[in-house]
Amino acid sequence: MIRNEVAALLAYVDSLDPTRAPLDRPAIAERLTQWCAVLVDVAATAPHPEGRHWDASQAAFRHITTSPYPIKPSDISRPWADFRRDVLSRHSDPVPNVDPDDETAYRAALASHRRAIETGQTVATPRALMPAGSREERDQAAAARLKQFGSYVPRSVVAALASTRPGMTERRRLAVAGQPDPFNVPCPWEACRAAKGQRCVTAGHPRTDFHDARLTAAATAHARQEQPA
């Protein structure tokens, strides 16, 4: 709240409870300065996604009509903190229109949007079970985002995982190049009973991973199949 808004709020408080209003000008100026310092991050009004909008004057009215103690600026800032927490808990952050690999810009965009929600400059977007629009519209939006950024996973994360997951990295490279998946061949291990493209199974119990030599054997089998007869 700016100084003029705090002054208007104090005038409203004095009209509701004139017996506690200061009488001399120095006391009035000192009280205004104190309230401005406490309410600097409190909005005068703010929207709520379910219609329970915030109004600082209504918070002052509720305190004066329900509490026997003199009103303090914290009697306004505490309800505002509860209101802000409730609004943010119902809000779903949109995807910023910035490169996700630029961490500084991405965080700044999220913080700026949340700040706008807190101060009432933007209406909070309620959480939804499914994204808005038809399935075709969601697919088009996802395809446009993939075309813009290349992947939902930041490139820095992909690069960090490449050395620790060589098998997955190779499968990803082949998929991007449009080549067949080397795992989509029968397992060369005789005791395996897994279906094509599935994890290895021994005596009916699935293993937790593929066989170590399966990638090499699959690549060899694929090369043998492409050789002319």
**Q.** Inter-residue atom distance Leu9.CG - Ile76.CD1, 0.5 Å rounding
**A.** 5.5 Å
Q) Got a sec, which residues hit side-chain hydrogen bond (donor to acceptor under 3.5 Å, both in side chains) with Arg107, two or more places apart in sequence or on another chain? A) Glu103
**Q.** Which residues share a side-chain hydrogen bond (donor to acceptor under 3.5 Å, both in side chains) with Ser112, sequence neighbours left out
**A.** none
Q) Does Asp82 have any side-chain contact (heavy atoms from CB on, under 4.5 Å) partners at least two apart in sequence or in another chain, and if so, which? A) Arg85
Q) For the residue pair Pro47 and His53, what are the closest heavy atoms and their distance? A) CA-ND1, 3.4 Å
(Q) Run the side-chain hydrogen bond (donor to acceptor under 3.5 Å, both in side chains) test against Arg31 and tell me which residues pass, sequence neighbours left out. (A) Asp14
Q: Tell me whether Ile28 is reachable from Leu10 by hopping between hydrophobic residues (I, L, V, M, F, W, Y) whose side-chain heavy atoms are closer than 4.5 Å.
A: no
Q.
Looking at every non-hydrogen atom in both residues, tell me the closest pair between Ala43 and Trp80 and how far apart they are.
A. CB-CH2, 3.6 Å
Q.
To the nearest 0.5 Å, what is the distance between CG on Asp86 and CH2 on Trp54?
A. 12.5 Å
Q | Rounded distance (nearest 0.5 Å) linking atom CD of Glu30 with atom CG of Asp24 | A | 9.5 Å
Q. Can you name the residues that form a side-chain contact (heavy atoms from CB on, under 4.5 Å) with Thr33, not counting sequence neighbours?
A. Arg3
Q) Mind checking what makes salt bridge (Lys or Arg N to Asp or Glu O under 4.0 Å) contact with Asp17, not counting sequence neighbours? A) Arg20
Q: Check Ala60 against Val13 and note the closest heavy-atom contact, atom names and distance.
A: CB-CG2, 3.9 Å
Q) Listed by chain and number, what are the side-chain contact (heavy atoms from CB on, under 4.5 Å) partners of Ala7, not counting sequence neighbours? A) Leu32
(Q) I'd like to know if Val6 and Tyr12 are part of one continuous hydrophobic network [Ile/Leu/Val/Met/Phe/Trp/Tyr, side-chain heavy atoms within less than 4.5 Å]. (A) yes
Q) Residues two or more places apart in sequence or in another chain: which of them pass side-chain contact (heavy atoms from CB on, under 4.5 Å) with Ser67? A) His63, Tyr69
Q. Arg25: what forms a salt bridge (Lys or Arg N to Asp or Glu O under 4.0 Å) with it, not counting sequence neighbours?
A. none
Q. Which atom pair, heavy atoms only, marks the closest approach of Pro22 to Ala27?
A. CB-CB, 3.8 Å
Q: Tell me, please, which residues at least two apart from Asp102 pass side-chain hydrogen bond (donor to acceptor under 3.5 Å, both in side chains).
A: none
Q. Can you tell me how far CZ of Phe61 sits from CG of Asp55, rounded to the nearest 0.5 angstrom?
A. 12.0 Å
**Q.** Heavy-atom closest contact (Leu39 atom, Ser77 atom, distance)
**A.** CD2-N, 4.2 Å
Q | Residue pairs fulfilling salt bridge (charged side-chain N to carboxylate O under 4.0 Å, His left out) with at least one residue in residues 58-74, sequence neighbours excluded | A | Lys72-Asp75
